[in-house]
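A quick write-up on the structure given underneath.
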There are 4 protein chains.
Amino acid sequence: MELRLDEAGLTGFLKREFGQVAQDFAVERVGPEGLVLRLKVSERHLRPGGTVSGPSIFALADVAMYLAILSRIGPVALAVTTNSSIDFMRKPVAGRDLLGEARLLKLGRSLAVGDVLVRSEGQAEPVARASLTYSIPPVR
Amino acid sequence: MELRLDEAGLTGFLKREFGQVAQDFAVERVGPEGLVLRLKVSERHLRPGGTVSGPSIFALADVAMYLAILSRIGPVALAVTTNSSIDFMRKPVAGRDLLGEARLLKLGRSLAVGDVLVRSEGQAEPVARASLTYSIPPVR
Amino acid sequence: MELRLDEAGLTGFLKREFGQVAQDFAVERVGPEGLVLRLKVSERHLRPGGTVSGPSIFALADVAMYLAILSRIGPVALAVTTNSSIDFMRKPVAGRDLLGEARLLKLGRSLAVGDVLVRSEGQAEPVARASLTYSIPPVR
Amino acid sequence: MELRLDEAGLTGFLKREFGQVAQDFAVERVGPEGLVLRLKVSERHLRPGGTVSGPSIFALADVAMYLAILSRIGPVALAVTTNSSIDFMRKPVAGRDLLGEARLLKLGRSLAVGDVLVRSEGQAEPVARASLTYSIPPVR
């Protein structure tokens, strides 16, 4: 399937529409097979002990899936998350960014479904796994 | 079952151990049937359009369940979220705090399970529903 | 909200449309607050050791939510499950039926969301908790 | 990681311990990267219209993950499902078996986590996606 937004297009969209969080993320790669998003881990993402907080990992998965959908349908639609299930499996490695690898499993007329594997940069074993469903509003 | 931490005890714990996020939350009520936690919605929780962000709602559910567990087992254990499933059902009402109502469905030796209903203050219909599993480390 | 199908109406629907599984279930109660469905536990629902199998518990939750939706929208629509998250918390009591208590949290134009608590008959503590999302096809 | 049970070992285990459901399944492949399990679709798995029922798809995912865990830890332990989240994405193709491809994402001392993609045989696009958590009892 054709890509409607590439790395630069997605980055621009993020800055324009989500100014508050855009600085936390960087689009690493986008292609037919999915998208990789980086969470630039900083002080405000951490919990006591230096672990990245659950909500920050959730945000990474959520934004990664959102951008994966937009890469296919373009920047016009207003998709909203309707469901997410997340497994937290290992502690992130201290002082490393997190990478979320999103794959789109279904892109229907009204629902999109996919999952995201989250890893500390340079580690093979995943920190978390999330699946997400987005509701896509009908084209007007 | 006996409560080991009341509103004041939980609030003190939150301030001591989770200084970064403690200011976002207020423990409204805790009892045998569960716990109600308030997210004091401010600018940094919002997405474009004035909606509370998904990660902020997730954080409310996660902290509410965590405190509900601690109210029963005391402040000693280091419980970690292993799984969460969340349904986002309605847009929060603009300009209102969110209330998360947590109920503990299982408190086992190694796993605790519960769910949280999230509502805009003063609204009957829920904004979100989350279920969460926490792993409780063995007593040493 | 008005009920469009009561116990008898739902039971009739189940027999007509789901003949294969209708004999496994009995609608105990339906009202504005939700629906209680009984799984008449028999040999074919059991796993070694006499426990009710996971898929049988899943089926109870799935059918309970389905009927709760139909009680509100009537027998016409063809709703399909799009997501389910289930927590298995305790072993069912041997030799007892299971009761699934469904509550509808959202009944939108295209999505319905609810959850189900599953208990062994006569027990207070839940065996399982499930949340389910159904996609409701547009009215033609 | 070393495999403790291969296709033949897992098939034997299934027949011995789960006689009731063993005939429904066939272990296609098992290796370090995961396991593929076939659901031999027959009349009793179908819903009206010829679709494989949700509980049958759930059972395929659940058994696939269970066997993937046993392939690594051997037939001794008694693992139980504690959580499952499943997305139903497409109707299965009528008259075809279903294949569940399980990958193990974490195999810890007390919890194992993985996911399963379910496809109609010969189709690229998945019918369903499930993630599952198993609790592994401590070694005595």
Side-chain angles (χ1 to χ4, degrees), chain A residues 13-25 39 42-66 75 78-92 100 111 115-116 126-135 137, chain B residues 13-25 39 42-66 75 78-92 100 111 115-116 126-135 137:
Chain A
F13 175 85
L14 207 55
K15 281 194 179 139
R16 232 163 32 238
E17 305 286 336
F18 293 90
Q20 292 154 295
V21 299
Q23 57 179 353
D24 287 355
F25 298 107
L39 174 66
S42 69
E43 196 59 29
R44 75 176 163 293
H45 303 116
L46 302 182
R47 280 280 159 80
T51 302
V52 180
S53 75
S56 298
I57 295 174
F58 174 83
L60 170 59
D62 193 31
V63 175
M65 183 54 56
Y66 184 57
L78 190 80
V80 296
T81 313
T82 57
N83 173 267
S84 176
S85 176
I86 185 162
D87 294 298
F88 298 99
M89 297 185 284
R90 294 176 185 86
K91 281 181 76 159
L111 291 179
D115 58 14
V116 181
V127 162
R129 185 217 61 76
S131 39
L132 300 110
T133 301
Y134 271 79
S135 172
Chain B
F13 175 85
L14 206 55
K15 282 195 178 137
R16 231 165 31 239
E17 304 287 335
F18 293 89
Q20 292 153 296
V21 298
Q23 57 180 352
D24 288 355
F25 298 108
L39 174 66
S42 68
E43 196 58 29
R44 74 176 162 292
H45 303 117
L46 302 183
R47 280 280 158 83
T51 303
V52 180
S53 75
S56 298
I57 295 174
F58 175 84
L60 170 60
D62 193 33
V63 175
M65 183 56 56
Y66 184 59
L78 190 79
V80 295
T81 313
T82 57
N83 172 267
S84 176
S85 175
I86 185 162
D87 294 297
F88 297 99
M89 298 184 283
R90 293 176 186 87
K91 281 182 76 158
L111 290 179
D115 57 16
V116 181
V127 161
R129 186 216 61 76
S131 39
L132 299 109
T133 300
Y134 271 78
S135 172

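This structure is a prediction, so every number in the text was calculated from the model and none was measured.
- In this structure A:Arg44 satisfies the salt bridge (Lys or Arg N to Asp or Glu O under 4.0 Å) test together with A:Asp24, sequence neighbours excluded.
- The interface of residues 80-88 of chain B with chain A, defined by heavy-atom distances below 4.5 Å, comprises B:Thr81, B:Thr82, B:Asn83, B:Ser84, B:Ser85, B:Ile86, B:Asp87, B:Phe88.
- Considering all non-hydrogen atoms of both residues, A:Ala59 and B:Pro55 come closest at CB-CG, 3.5 Å.
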